[in-house]
There are 2 protein chains.
Amino acid sequence: MNLGLLCYFPYRAMEARVMAAGEEAGFTFTIAQGRLLARVGPDGTRIGDLAEQAGVTKQTATFLVNQLEKAGYVERVPDPADARARLVRLSEAGWAGVAIARKVEAEVEAEWVAHLGEADAAALRRALERLREVTDPYQ
Amino acid sequence: MNLGLLCYFPYRAMEARVMAAGEEAGFTFTIAQGRLLARVGPDGTRIGDLAEQAGVTKQTATFLVNQLEKAGYVERVPDPADARARLVRLSEAGWAGVAIARKVEAEVEAEWVAHLGEADAAALRRALERLREVTDPYQ
DNA sequence: TGACATAGTCAGAGTATCGAACCATATTGT
DNA sequence: ACAATATGGTTCGATACTCTGACTATGTCA
């Protein structure tokens, strides 16, 4: 079993738990929409940056942000730093969704830490952060 | 940054490298097809098991296996243990594709080990394997 | 033997994704 | 200054993926 695939299980489990909690709480966004929504920063994020971080093309990100905007989770505002760009920002409903996601993420992570033990969990985090240096071209 | 998301970067990087190598070598399967192909065991695997491991429904797996079968990467054979079931088995071309994937996986993993150091990489693997116990319902 | 469960497929519809082409604004070189 | 080029984003068209629901065939169990 290669390390990449071993990384897949926690990732998938976390995403499934977060999505289930979102649905439970009445949020209607899809997985693909959620992946973008979770990456919108506190002061807004450009479409292109969302696309890079989520691993999709700009076109796909545009499409998904359109859905999220129609559903009322985000809004587009001009980017004061560049007239070509627009910032995607969370609406109140978007913030509520992200808040639930963060809460569930913390819960799941606590379960994992309990399973691994504090020390091993901390080591895991450090190793993953270092691995990110060579696996995330957009960090 | 939550642990689930930290797991996403290596997973995505590994998949991208493997897919790129496959394309380079003239293989034509898509990402979704590749995810199934990579999970076909040496003696064949049932559609339902492929679906569970890849995280899609049986219907989707049926669809993807149809594509893979048309493309000549797999074949369906009766499961001697259960007349309802059929085993998906790799064809010669399928084996060739998987062989390349395994080779690239090993190369990428070697890069990661070089970056992390032997000891930390081994610890990472152990932690991920233990995490799998609570995040992979189908192990 | 009948009721129920399981493995797989088919059909239909919705969602996601990409490549190509395009517009508007920035940046760069001369 | 200004042409050439790069960048951020969008639209369009085509394709791939995925799901739900309904169905057949076989297995299991009381």
Side-chain angles (χ1 to χ4, degrees), chain A residues 12 15-16 19-20 22-23 27-41 43-71 73-89 137-138, chain B residues 12 15-16 19-20 22-23 27-41 43-71 73-89 137-138:
Chain A
R12 178 176 69 179
E15 189 170 74
M19 284 302 297
E23 192 167 350
F27 292 91
T28 54
F29 48 79
T30 66
I31 295 178
Q33 290 167 11
R35 283 177 189 151
L36 250 71
L37 201 56
R39 288 169 167 87
V40 177
D43 302 318
T45 307
R46 291 188 186 175
I47 288 268
D49 293 335
L50 290 176
E52 281 181 347
Q53 289 168 36
V56 298
T57 60
K58 276 194 305 185
Q59 296 93 310
T60 298
T62 296
F63 171 83
L64 292 170
V65 167
N66 285 343
Q67 312 298 318
L68 287 168
E69 196 170 27
K70 273 182 208 157
Y73 293 120
V74 303
E75 55 190 359
R76 278 185 247 236
V77 299
D79 183 345
D82 188 333
R84 292 170 303 181
R86 304 160 78 181
L87 292 174
V88 177
R89 279 209 311 217
Y138 310 111
Chain B
R12 179 175 68 179
E15 190 170 72
M19 285 301 298
E23 192 167 348
F27 292 91
T28 54
F29 47 79
T30 65
I31 297 178
Q33 290 166 12
R35 284 177 189 153
L36 249 71
L37 201 57
R39 288 169 168 87
V40 177
D43 303 317
T45 306
R46 292 187 184 176
I47 289 267
D49 293 335
L50 290 176
E52 281 181 346
Q53 288 168 36
V56 298
T57 60
K58 273 193 306 183
Q59 294 93 317
T60 297
T62 295
F63 171 83
L64 292 170
V65 168
N66 285 343
Q67 313 297 318
L68 287 168
E69 196 170 26
K70 273 183 208 155
Y73 293 121
V74 302
E75 56 191 358
R76 279 185 245 235
V77 299
D79 183 345
D82 188 334
R84 293 170 302 180
R86 304 161 78 181
L87 292 174
V88 177
R89 279 207 311 214
Y138 310 112

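Each chain gets a letter, A, B and so on, in the order its sequence line appears, and its residues count up from 1.
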Does [N] have OP1 or OP2 under 4.0 Å away from a side-chain N or O of [X]?
X: B/Thr62; N: C/dT9; result: yes
X: A/Arg86; N: D/dT10; result: yes
X: A/Arg84; N: C/dT27; result: no
X: B/Arg76; N: C/dT9; result: yes
X: A/Gln33; N: C/dA16; result: yes

Checklist line | Closest approach of B/Gln53 to B/Arg39 (non-hydrogen atoms, all atoms of both residues) | finding: O-NE, 3.2 Å

Notebook entry, point to check: Of all heavy-atom pairs between B/Gly44 and B/Arg89, which one has the smallest distance, and what is that distance?
Noted result: CA-CG, 3.5 Å

Check: Heavy atoms under 4.0 Å, any strand shown: does B/Thr60 hit a base, just sugar-phosphate, or nothing?
Finding: base

Next item on the list: Apply side chain to side chain donor-acceptor pair (under 3.5 Å) to A/Gln67 and list each qualifying residue two or more places apart in sequence or on a separate chain.
Entry: none

Check: Can you tell me how far P of C/dA16 sits from CZ of A/Phe29, to the nearest Å?
Finding: 12 Å

Next item on the list: Answer with yes or no whether B/Gln59 presents, from its side chain, a donor or acceptor under 3.5 Å of a partner atom in the base of D/dG21.
Entry: yes

Next item on the list: Return the residues of residues 49-57 of chain A meeting this criterion: a heavy atom under 4.0 Å from some atom of DNA chain C. Order them by number, or give none.
Entry: A/Val56, A/Thr57

